[in-house]
Engineer: 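Right, I'll just put the structure down here and ask away after.
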There are 2 protein chains.
Amino acid sequence: MNMDSLSIFVGYNLKRAMAVVQADLVRVLARHNLKLGTFTVLAAIGDAPGIAAIRLAELLGIERSNLVAILDDLGRRGLITRSASLTDRRSHELHRTAEGAAVFQAALADVHDHEAKVFAGLTTEERAEMIRLCQKLWAT
Amino acid sequence: MNMDSLSIFVGYNLKRAMAVVQADLVRVLARHNLKLGTFTVLAAIGDAPGIAAIRLAELLGIERSNLVAILDDLGRRGLITRSASLTDRRSHELHRTAEGAAVFQAALADVHDHEAKVFAGLTTEERAEMIRLCQKLWAT
DNA sequence: TATTGTTATACTCTATAACTATA
DNA sequence: TATAGTTATAGAGTATAACAATA
């Protein structure tokens, strides 16, 4: 028995693993002038064109107030559009522009490479298992 | 095939899982006036009494500059001591006080409860597997 | 010259409360 | 009244550069 007090906790190991993964991902996304938040939002809007900000925030598990700066950033750069809904003028429909889709696709390719590199020590089955276990924690 | 662009990535699922775990842990530690950083440092000093700050930072994977405020906090509250090393007066030996050990033990019990609750949806084997997979990513 | 602890700084992420315009 | 988007703000974590004391 030579265990320390921390590494017996799942949460601590999750955090240390996350730090390794994030450090590389942040570096990769920076090449596209994207941050974790902007990349994630760009992906989600592409998956659900026309989605309202409040739904997007729910989907990504972030506060809607924190989404605003991300949308401002993407909008300012012409990567997304915000158009008032015709049926409810409180909500805005979010869409990716052609340039937004192009920037996302370029970044996506690099993110795939990043995952392949960072998780090279895990087999395909282990990666799938990790996704499955993580989703048991956060997915509905 | 009804997958979205993000949930196929291990990193994204790691992050979402982490968010769930951390939210609860932060709440639990707050009951002991501890933050993630102070709890972690308190644990590590207990495991390695007399450790120097620079070694502690390496051990926990944090910047030594960011450790200072944590040690200041714990020191101010009388939970740790910093004494200059006799062999190298640049470095300080870190020790937990009796009160520091008591505060840690009380928090530790709650953290165990927290883990049991948050990972209740995972079997014992799944938790062990998650630790194993995470350690493949960050441990030497 | 190199290392330890420290200070200063800045940026990201996150959480909460309150405002506005609409419903 | 309740909801969508927004603003403001504060806390926590993180990364970098530079300094003083010591090796």
Engineer: Is the distance from OP1 or OP2 of dA17(C) to the nearest side-chain N or O of Arg64(A) less than 4.0 Å?
Structural biologist: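 For dA17(C), neither OP1 nor OP2 has a side-chain N or O of Arg64(A) closer than 4.0 Å.
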
Engineer: Atom CD1 of Ile51(B) to atom P of dT4(C): distance rounded to whole Å?
Structural biologist: 12 Å

Engineer: If I take atom CD1 in residue Ile54(A) and atom C1' in nucleotide dT22(C), what distance separates them, rounded to the nearest angstrom?
Structural biologist: 13 Å

Engineer: Looking at Glu126(B) and Arg132(A), is any side-chain nitrogen of the basic one under 4.0 Å from a carboxylate oxygen of the acidic one?
Structural biologist: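 A salt bridge is present here (some side-chain N lies under 4.0 Å from a carboxylate O).
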
Engineer: Using a heavy-atom cut-off of under 4.0 Å over every strand shown, decide if Ala19(A) touches base, sugar-phosphate, or nothing.
Structural biologist: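 It contacts nothing in the nucleic acid.
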
Engineer: Please work out if Leu71(B) contacts a base, only the sugar-phosphate, or nothing of the nucleic acid, heavy-atom cut-off 4.0 Å.
Structural biologist: nothing

Engineer: In whole angstrom, what separates Asp24(A)'s CG from dT14(D)'s C1'?
Structural biologist: 17 Å

Engineer: Can you identify which nucleotide, out of dG5(C), dA23(C), dT14(D), has its nearest atom closest to the Arg89(A) side chain?
Structural biologist: dA23(C)

Engineer: Looking at Arg90(A) and dG5(D), is any side-chain donor or acceptor paired with a base atom of the opposite kind under 3.5 Å?
Structural biologist: no

Engineer: Lys15(B) side chain: which of dT16(C), dC13(C), dT16(D) is closest?
Structural biologist: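 When the side chain of Lys15(B) is considered, dC13(C) is the closest of dT16(C), dC13(C), dT16(D).
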
Engineer: Considering only dG5(C), dA4(D), dT7(D), which nucleotide approaches the side chain of Val68(A) most closely?
Structural biologist: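 Selected nucleotide (nearest to the side chain): dT7(D).
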
Engineer: Please give, in whole Å, the distance from dA15(C) C1' to Leu60(A) CG?
Structural biologist: 17 Å

Engineer: Which part of the nucleic acid, if any, lies within reach of Arg55(A) when heavy atoms closer than 4.0 Å are counted: base, sugar-phosphate only, or nothing?
Structural biologist: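 Nothing, no heavy atom under 4.0 Å.
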
Engineer: Assuming nearest nucleotide by heavy-atom distance, tell me which of Lys35(A) and Gly61(A) is located more 5' along DNA chain C.
Structural biologist: Lys35(A)

Engineer: If you assign Thr87(B) and Thr38(B) each to the DNA chain D nucleotide with the nearest heavy atom, which residue ends up on the more 5' nucleotide?
Structural biologist: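 That would be Thr38(B).
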
Engineer: What nucleotide among dG5(D), dA15(C), dT7(C) has an atom nearest to a side-chain atom of Asp72(B)?
Structural biologist: dT7(C)

Engineer: In whole angstrom, what separates Arg76(B)'s CZ from dT6(C)'s P?
Structural biologist: 12 Å

Engineer: Classify the angle between the aromatic ring planes of Trp138(B) and Tyr12(A) as parallel (below 30°), tilted (30 to 60°) or perpendicular (above 60°).
Structural biologist: perpendicular

Engineer: Would you compute the distance between atom CD1 of Ile51(A) and atom CD of Glu58(A) and round it to the nearest 0.5 angstrom?
Structural biologist: 8.5 Å

Engineer: Pick base, sugar-phosphate or nothing for Leu67(A), based on heavy-atom distances below 4.0 Å to the nucleic acid.
Structural biologist: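 Since no nucleic acid heavy atom lies under 4.0 Å of Leu67(A), the category is nothing.
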
Engineer: State which of dT3(C), dG13(D), dT6(C) makes the closest approach to the side chain of Ser65(B).
Structural biologist: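 Output: dT6(C).
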
Engineer: As a test of understanding, state which of Thr81(A), Leu94(A), Leu79(A) forms a side-chain contact (heavy atoms from CB on, under 4.5 Å) with Ile45(A).
Structural biologist: Leu94(A)

Engineer: Between dT14(D), dT4(C), dT6(C), which one does the side chain of Ser91(B) approach most closely?
Structural biologist: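 Closest of the options to the side chain of Ser91(B): dT4(C).
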
Engineer: Taking atom types as modelled, is there a side-chain donor on Ser5(B) or Asp47(A) under 3.5 Å from an acceptor on the other?
Structural biologist: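 There is such a pair between these side chains.
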
Engineer: Does Arg76(B) pair with Asp72(B) as a salt bridge, N-O distance under 4.0 Å?
Structural biologist: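 Between Asp72(B) and Arg76(B) there is no salt bridge, as every charged N stays at least 4.0 Å from the carboxylate O atoms.
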
Engineer: Nearest to the side chain of Ala52(A) - dG5(D), dA15(C), dC13(C)?
Structural biologist: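 In terms of side-chain proximity for Ala52(A), the closest of dG5(D), dA15(C), dC13(C) is dG5(D).
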
Engineer: Among the candidates dC13(C), dA23(C), dT6(D), find the nucleotide nearest to the side-chain atoms of Asp88(A).
Structural biologist: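 Comparing dC13(C), dA23(C), dT6(D) against the side chain of Asp88(A), the answer is dA23(C).
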
Engineer: How many whole angstroms separate atom CD of Glu63(B) from atom C1' of dT6(C)?
Structural biologist: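 Between C1' of dT6(C) and CD of Glu63(B): 14 Å.
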
Engineer: Take atom CG of Leu36(A) and atom P of dC11(C), then tell me their distance rounded to the nearest Å.
Structural biologist: 17 Å

Engineer: Does Asn66(A) contact dA15(C) through a side-chain donor or acceptor facing the base, at a distance under 3.5 Å?
Structural biologist: yes

